[in-house]
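What follows is a single structure, written as structure tokens, with notes after it.
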2 protein chains.
Amino acid sequence: MVDKKNSRDTLIEAASRLFRLRGYYGVGLNEIIEESGIPKGSLYYYFPKGKEELAIEAINHTKEMVISKIQEVFERIEDPIEAMQALIYQLSEVIGESDHKLGMPIGTIASENYSTSEPIRIACQLAFEDWQSLYKKKLISSGYSEKQSKEVSIIVNALIEGGILLSITSKSGKPLQVIAEQMPLLLIKK
Amino acid sequence: MVDKKNSRDTLIEAASRLFRLRGYYGVGLNEIIEESGIPKGSLYYYFPKGKEELAIEAINHTKEMVISKIQEVFERIEDPIEAMQALIYQLSEVIGESDHKLGMPIGTIASENYSTSEPIRIACQLAFEDWQSLYKKKLISSGYSEKQSKEVSIIVNALIEGGILLSITSKSGKPLQVIAEQMPLLLIKK
DNA sequence: GTCTATAAGACGATAGAC
DNA sequence: GTCTATCGTCTTATAGAC
């Protein structure tokens, strides 16, 4: 098992990477098949409904990548404030690099398609909800109330999405750094 | 002066509206000329460099619309916490409406183009900076320190952008409402 | 399952009449 | 300044050979 991934996964990974960079409409199928090396016929064999179906799989792939990253940091760092700060600092460092290929994980696709493709909108909504569940679980297990945990998880998600947007737009990790530094304020136990 | 706007402004307004809905790559020039009623020849007369040039003008137009809205609320409400809460509540109400045409004001274009068009990226960056300047000015005039005002203005901007994204994706004003409610925590004077 | 060739239409952009 | 017709390219999608 050296380099042998199946065509389906190869396509999903290429699509996930490209959609993060330029969004749904900014990437054509031709670019995805070129990047992945999989011919167009195979794409339509695995994703008969075409681009929209591939995009939904790409969104789910990106969602799982982010879940893994969050879980890894949360298992390593017990304190919820420190853990979330570490997560955001990591993001700021990646974006600080000159030619990162991060983009907003799914924010771009979500904002392009919220009014045009209901299946894509729902896939994005589920991703946001799953991430928020992880934040919430971490907070509850650290003694925060159900209500505050839920609210803070929304705030943290919004701060990360907004922070990534500001950081990629300004080509600087600074906005995310400032956000990480202010995290303790949000997490005052009530 | 009843209904007579010049072709240039009509094009910019139509482009601004459509780009907010589906982003830069999600909207074609054909749709913009159809929506505006201005023929393609005129578009290239006013914007010789084509779509990118029109997009930059549309971004600046959207920027000014947002500036007006912020200034209006800030002049009406003196307390900075209450003012920012009012701003965000207003947003949540608009998005709660079934067929709003809000979208992320410029976040979608920014995230699509941060790696592909430097002129567009810079126009978006300037918009974010201008909005943050208004938040900062409000805070300073209410007695917050220079440092805290600057940092909070970034947080507020990130929260609004992220909150709009979560609200349009979930088709609910709830995320923005939660954000508005938690504003006081961020604005504890240090 | 894999791949090529191509269809049908939308895209951004341009030429040139008026 | 205004408008139409059109160019070449790229788009999503399909047909059909292997």
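Heavy-atom basis, side chains included; hydrogens, waters and symmetry copies ignored. Quick note on labels: first sequence line is chain A, next is B, and so on, each numbered from 1.
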In whole angstrom, give the distance that lies between atom [atom1] of [X] and atom [atom2] of [N].
X	N	atom1	atom2	answer
A/Glu34	D/dC10	CD	P	11 Å
A/Leu11	C/dT2	CG	P	10 Å
B/Leu29	D/dC3	CG	P	17 Å
B/Tyr45	C/dA15	OH	P	17 Å
B/Ile33	C/dA10	CD1	C1'	12 Å
B/Tyr25	C/dA10	OH	C1'	17 Å
A/Lys40	C/dC3	NZ	P	15 Å
B/Tyr46	C/dA13	OH	C1'	19 Å

Legend entry - Partner of A/Ile67 by side-chain contact (heavy atoms from CB on, under 4.5 Å), out of A/Lys69, A/Gln71, A/Met65: A/Gln71

Inset, instruction - Taking only the side-chain nitrogens and oxygens of B/Tyr44, find out if one of them lies under 4.0 Å from OP1 or OP2 of C/dT14. - result: no

Inset, instruction - Map A/Gly41 and A/Asn30 onto DNA chain D by nearest heavy atom, then report which one ends up closer to the 5' terminus. - result: A/Asn30

Legend entry - Closest-nucleotide ordering on DNA chain D, the 5'-leading residue of A/Glu31 and A/Pro48: A/Glu31

Legend entry - Full working for side chain to side chain donor-acceptor pair (under 3.5 Å) between A/Gln125 and B/Ser170: CA-CA 6 Å; A/Gln125 184 179 357; B/Ser170 64; 5.2 Å; no

Inset, instruction - Please check if the distance between the ring centroids of B/His61 and B/Phe19 is under 6.0 Å. - result: no

